[in-house]
Amino acid sequence: MAGETVIDFYAALERGDTDVRKIRNLMSIAIEGDHSLEEVGDIMSEMGMDEVGRVLGEMATAAFPEAQGSASGNGKAGSKARKAKPVAT
């Protein structure tokens, strides 16, 4: 609908490189029911952009739960820390 993949959208959103039209298009997918794009825009206005951002964040977490774990540091623990080698003099 927006002419890009969801992953591309979230990457652009993270970079701050998106517009309200694309956000509205994604929200129209997130909102259950049959709403026109104008109605979705009205719903977003009533919600406020902070709430829209929260909803889109929850969508991303639900769609890509493995990314949430790695981004927040809650993924699997790695191997034991290695000792640094001394610097050659």
Side-chain angles (χ1 to χ4, degrees):
M1 182 176 210
E4 63 187 345
T5 67
V6 173
I7 292 171
D8 290 339
F9 170 82
Y10 278 108
L13 187 63
E14 189 171 289
R15 290 189 312 270
D17 185 27
T18 191
D19 59 35
V20 175
R21 182 182 54 82
K22 289 180 181 180
I23 293 170
R24 183 200 59 206
N25 289 345
L26 187 60
M27 282 296 291
S28 72
I29 296 166
I31 296 174
E32 293 182 14
D34 187 22
H35 302 283
S36 70
L37 291 177
E38 184 177 336
E39 290 171 330
V40 173
D42 292 342
I43 291 168
M44 288 173 56
S45 292
E46 289 181 29
M47 291 172 65
M49 290 308 287
D50 287 341
E51 182 67 6
V52 169
R54 187 192 65 75
V55 169
L56 293 178
E58 285 186 10
M59 280 180 49
T61 300
F64 307 105
E66 64 281 354
Q68 172 64 23
S70 64
S72 65
N74 291 329
K76 290 183 179 179
S79 60
K80 292 182 179 181
R82 298 180 196 166
K83 290 185 179 180
K85 293 182 181 181
V87 177
T89 55

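Worth saying up front: this structure is predicted, and the values here are computed from it rather than measured.
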Is it the case that over 12 heavy atoms from other parts of the model lie below 6.0 angstrom from the CD1 atom of I7? no
Nearest heavy-atom contact between R24 and L37 is CD-O, 3.2 Å
Going by the side chain to side chain donor-acceptor pair (under 3.5 Å) test, which pairs reach into residues 38-47, not counting sequence neighbours? none
For residues 51-65, the salt bridge (Lys or Arg N to Asp or Glu O under 4.0 Å) pairs (sequence neighbours left out) are E51-R54, R54-E58
Counting only heavy atoms not in D19, do more than 12 sit closer than 6.0 Å to its CG atom? yes
My understanding is that only residues two or more places apart in sequence, or in another chain, count here; which of them pass salt bridge (Lys or Arg N to Asp or Glu O under 4.0 Å) with D17? R15
Using side chain to side chain contact (heavy atoms under 4.5 Å, CB included) as the criterion, point out the one residue from V55, L56, D50 that pairs with V52. L56
If I compare all heavy atoms of M59 with all of Y10, which pair ends up nearest, and what's the gap? CB-OH, 3.5 Å
With rounding to the nearest 0.5 angstrom, report the CD1 to NE2 distance, I43 to H35. 4.5 Å
Show, in sequence, the C-alpha distance, side-chain angles and deciding distance for S28 and N25, and conclude whether the side-chain hydrogen bond (donor to acceptor under 3.5 Å, both in side chains) test is met. CA-CA 5 Å; S28 72; N25 289 345; 5.1 Å; no
